[in-house]
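The structure presented is a predicted model; accordingly, all values stated were derived computationally and were not measured.
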Amino acid sequence: QATYLSDLIDLGDRATVGPVRWVEKAVGREDLSQLSVRIRTGIDSTPILYRQIVRGGASTGQAPELREITPLHYFALDRVDRAPLTEDTANWSPWFSVESGQLSRAPNPRRYLQLRLDFTGGLFVTRAADRVEFDFLQPPLADTLRAEIFPRLAEAEKPATFRYAVLLKRAGPIRGYDRLEVDTIIEADNIREVKLAGMPTDFSVDFIRPDAFGLSFPLIDADNAVLEFTFDLPIFRFGSTFSGRAYNSDFADVPQVLQPGNALVFGPGDTDVKSSLSVEIPKNQIGKLVGEISSGPRVFTPNGDGINDS
């Protein structure tokens with residue numbers, strides 16, 4: 001096994017990061033090796049916390065204090081004054097796996113990112129990565145695109161109606177979005193009641209497939225703007241997640257993933273803490289999603305039909 005960590009990549013400012021792509025080839029038997037790629041994103045220039053142990057002295061009776069410092073200052077300290085290095089979980093995301101050509105689930109937009117390539121194989125059986133690349137967009141589509149679906153509980157194998165909302169937040173220049181794609185588990189129907197800030201807005205349905213549908217509408221770029229709409233869909237399995245992506249038609253190659261969370265108060269039963277993009281089925285249906293079973297002719301032997309009875 002081997003791991004390659006890229007240098008920290010500084011995009012210069014916050015940016016929407018598009019799909020990650022790479023070219024790989026197998027050396028030796030392809031089924032005996034593997035390459036996995038991960039990405040993490042951050043808002044400052046290092047994913048590591050460098051801290052100094054500041055002692056108040058025996059006379060004060062105070063516990064030592066940990067003070068964050070620069071890497072240069074940290075390595076200039078005596079070893080006894082250096083706190084152990086730890087991950088900066090406040091300013092950097094965890095590692096997220098990504099498939100080639102797909103969007104990462106890492107928080108977006110961010111200014112900094114890092115790539116990690118994990119190779120598994122043997123001495124003469126491995127993988128080679130020729131290059132890893134991605135597109136990014138500045139300014140980003142939005143600083144935050146938070147989405148939720150309601151209701152988040154629906155009976156399986158029955159038609160259901162859902163409401164969907166997307167909240168845009170901006171902290172500076174953005175490009176906005178005018179298209180949306182939502183993942184589904186079966187073909188959606190009757191997409192309607194599309195509203196912006198509570199008022200009806202023009203829209204068109206770009207496509208409806210068994211695994212997703214797409215909408216277009218006038219550009220949305222105002223802070224706290226909420227887009228909402230309604231659609232019908234049968235739910236067939238437990239834990240369906242209606243993830244989505246926002247697009248700007250002028251930069252269609254760099255969509256931005258919708259982050260689950262509170263976007264709109266839909267009404268009674270819609271609590272902020274439960275806001276998400278997942279829909280579950282009632283507990284009493286779990287493990288019981290088998291349709292009617294009918295019994296046909298006897299197929300066991302011996303059964304008196306004279307075939308293989310002996």
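- Residues T184 and L233 are in side-chain contact: their nearest non-hydrogen atoms beyond the backbone lie under 4.5 Å apart.
- Between D81 and R79 there is no salt bridge, since no side-chain N of the basic residue sits under 4.0 Å from a carboxylate O of the acidic one.
- Under the 3.5 Å distance criterion, with hydrogens and angles disregarded, no donor-acceptor pair is assigned to the side chains of R179 and S249.
- A search for salt bridge (Lys or Arg N to Asp or Glu O under 4.0 Å) contacts involving D10 returns R111, not counting sequence neighbours.
- The shortest side-chain heavy-atom distance between T230 and I191 does not fall under the 4.5 Å cut-off.
- Of the possible donor and acceptor atoms, none in the side chain of D189 sits under 3.5 Å from a partner among the backbone N and O of D232.
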(request) Starting from the C-alpha separation in whole Å, work towards a yes-or-no answer on side chain to side chain contact (heavy atoms under 4.5 Å, CB included) for V125 and V27. (result) CA-CA 5 Å; V125 181; V27 178; over 6 Å; no

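- By the 4.5 Å side-chain criterion applied to Ile, Leu, Val, Met, Phe, Trp and Tyr, L167 is assigned to a cluster that also includes F150, V226, L264, F266.
- No more than 12 heavy atoms of other residues, nucleotides or ligands shown are found within 6.0 angstrom of CD on E30.
- Within a 6.0 Å sphere centred on CZ of R105, heavy atoms belonging to other residues, nucleotides or ligands number 12 at most.
- Side-chain contact check for L77 versus Q52: some heavy-atom pair is nearer than 4.5 Å.
- With rounding to the nearest 0.5 Å, the separation of OH in Y50 from CD in E68 is 11.0 Å.
- Counting heavy atoms from C-beta on, the side chains of D88 and T46 never come closer than 4.5 Å.
- Between I149 and F231, the shortest heavy-atom contact is CD1-CZ, 4.0 Å.
- Between A222 and R170, the shortest heavy-atom contact is C-CD, 4.3 Å.
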(request) Decide yes or no on side chain to side chain contact (heavy atoms under 4.5 Å, CB included) for R175 and D221, but give the supporting numbers first. (result) CA-CA 7 Å; R175 295 185 184 275; D221 61 1; over 6 Å; no

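- Not counting sequence neighbours, R82 has no partner by the salt bridge (Lys or Arg N to Asp or Glu O under 4.0 Å) test.
- Under the 4.5 Å side-chain heavy-atom criterion for ILVMFWY residues, a single connected hydrophobic cluster contains both Y4 and I9.
- The number of heavy-atom neighbours closer than 6.0 Å to CZ of R209, taken from other residues, nucleotides and ligands shown, is above 12.
- Partners of Y247 by ring-ring contact (aromatic ring centres under 6.0 Å, His included), not counting sequence neighbours: none found.
- Distance check, rounded to the nearest 0.5 Å: CH2 of W22 to CD of E99 gives 6.0 Å.
- For Q1, the CD atom is loosely surrounded, since the number of other residues' heavy atoms within 6.0 Å does not exceed 12.
- With hydrogens and angles disregarded, no donor-acceptor distance shorter than 3.5 Å links the side chain of D178 to the backbone of P218.
- Placement of V194 and F213 within a single hydrophobic cluster is found when ILVMFWY residues are connected by side-chain heavy-atom separations under 4.5 Å, directly or transitively.
- A donor-acceptor pair under 3.5 Å is formed between the side chain of N248 and the backbone N or O of D250.
- A single hydrophobic cluster is seen to contain both V98 and L117, as judged by linkage of ILVMFWY side chains at heavy-atom distances under 4.5 Å, directly or through other members.
- In this structure, L168 is a member of the same hydrophobic cluster as L196, with clusters built from ILVMFWY side-chain heavy atoms closer than 4.5 Å.
- Inter-residue side-chain proximity for D143 and R14 is flagged as met; some heavy-atom pair is nearer than 4.5 Å.
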(request) Determine, stepwise, if the pair I220 / L227 fulfils side chain to side chain contact (heavy atoms under 4.5 Å, CB included). (result) CA-CA 8 Å; I220 300 173; L227 175 74; 4.0 Å; yes

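- Here the shortest heavy-atom pairing between S104 and V257 reads O-CG2, 3.8 Å.
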(request) Might you work through the side chain to side chain contact (heavy atoms under 4.5 Å, CB included) test for T201 and K195, ending with a clear yes or no? (result) CA-CA 5 Å; T201 187; K195 300 177 182 178; 5.8 Å; no

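- Looking at V205 and L215, their side chains come closer than 4.5 Å, going by heavy atoms from C-beta outward.
- The local environment of CZ in F124 is sparse, with at most 12 non-hydrogen atoms from other residues, nucleotides or ligands closer than 6.0 Å.
- With sequence neighbours excluded, no residue satisfies ring-ring contact (aromatic ring centres under 6.0 Å, His included) with F203.
- The cluster map of Ile, Leu, Val, Met, Phe, Trp and Tyr, joined by side-chain heavy atoms under 4.5 Å apart, puts L153 and L277 in different clusters.
- For the residue pair W92 and D44, a side-chain donor N or O sits within less than 3.5 Å of a side-chain acceptor on the partner.
- Applying the side chain to side chain contact (heavy atoms under 4.5 Å, CB included) test to E65 and every residue at least two apart in sequence or in another chain returns V54, R67.
- In this structure, CZ on R127 lies 10.5 Å from CZ on F119, to the nearest 0.5 angstrom.
- Side-chain N/O atoms of S33 and T126 include no donor and acceptor closer than 3.5 Å.
- For F217, the ring-ring contact (aromatic ring centres under 6.0 Å, His included) test picks out Y177, with sequence neighbours left out.
- In this structure, the ring-ring contact (aromatic ring centres under 6.0 Å, His included) partners of F229, at least two apart in sequence or on a different chain, are Y164.
- Here the shortest heavy-atom pairing between I53 and P64 reads CG2-CB, 3.8 Å.
- Between E148 and V166 there is no side-chain heavy-atom pair separated by less than 4.5 Å.
- Between the CD atom of E193 and the CD atom of E228 there is a distance of 8.5 Å, given to the nearest 0.5 Å.
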N/O donor to acceptor pairs below 3.5 angstrom from side-chain atoms of residues 134-142, sequence neighbours left out:
residue	atom	partner	partner atom	Å
Q138	NE2	L11	O	2.7
Q138	NE2	D13	O	2.9

Sequence neighbours excluded and cut-off under 3.5 Å, please list the side-chain donor-acceptor pairs for residues 34-42, or say none.
residue	atom	partner	partner atom	Å
R40	NE	Q114	OE1	3.0
R40	NH1	E87	OE1	2.8
R40	NH2	Q114	OE1	2.8
T41	OG1	P107	O	2.8

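- Taken from CD in E181 to OG in S216, the straight-line distance is 9.5 Å, to the nearest 0.5 Å.
- Nearest heavy-atom pair across P255 and T16 is O-CG2, 3.5 Å.
- By the 6.0 Å contact criterion, CG on L72 is open, its count of non-hydrogen atoms from other residues, nucleotides or ligands being 12 or less.
- Partners of D270 under the salt bridge (Lys or Arg N to Asp or Glu O under 4.0 Å) rule, at least two apart in sequence or in another chain, are R152.
- Under the 4.5 Å side-chain criterion, counting only non-hydrogen atoms from C-beta, I43 is in contact with R110.
- Between N262 and R146, the shortest heavy-atom distance links the atoms O-CD, 2.9 Å.
- In this view, D183 and R245 satisfy the salt bridge (Lys or Arg N to Asp or Glu O under 4.0 Å) rule, not counting sequence neighbours.
- Considering CG of L258 and CG of L180, their distance stands at 5.5 Å, rounded to 0.5 Å.
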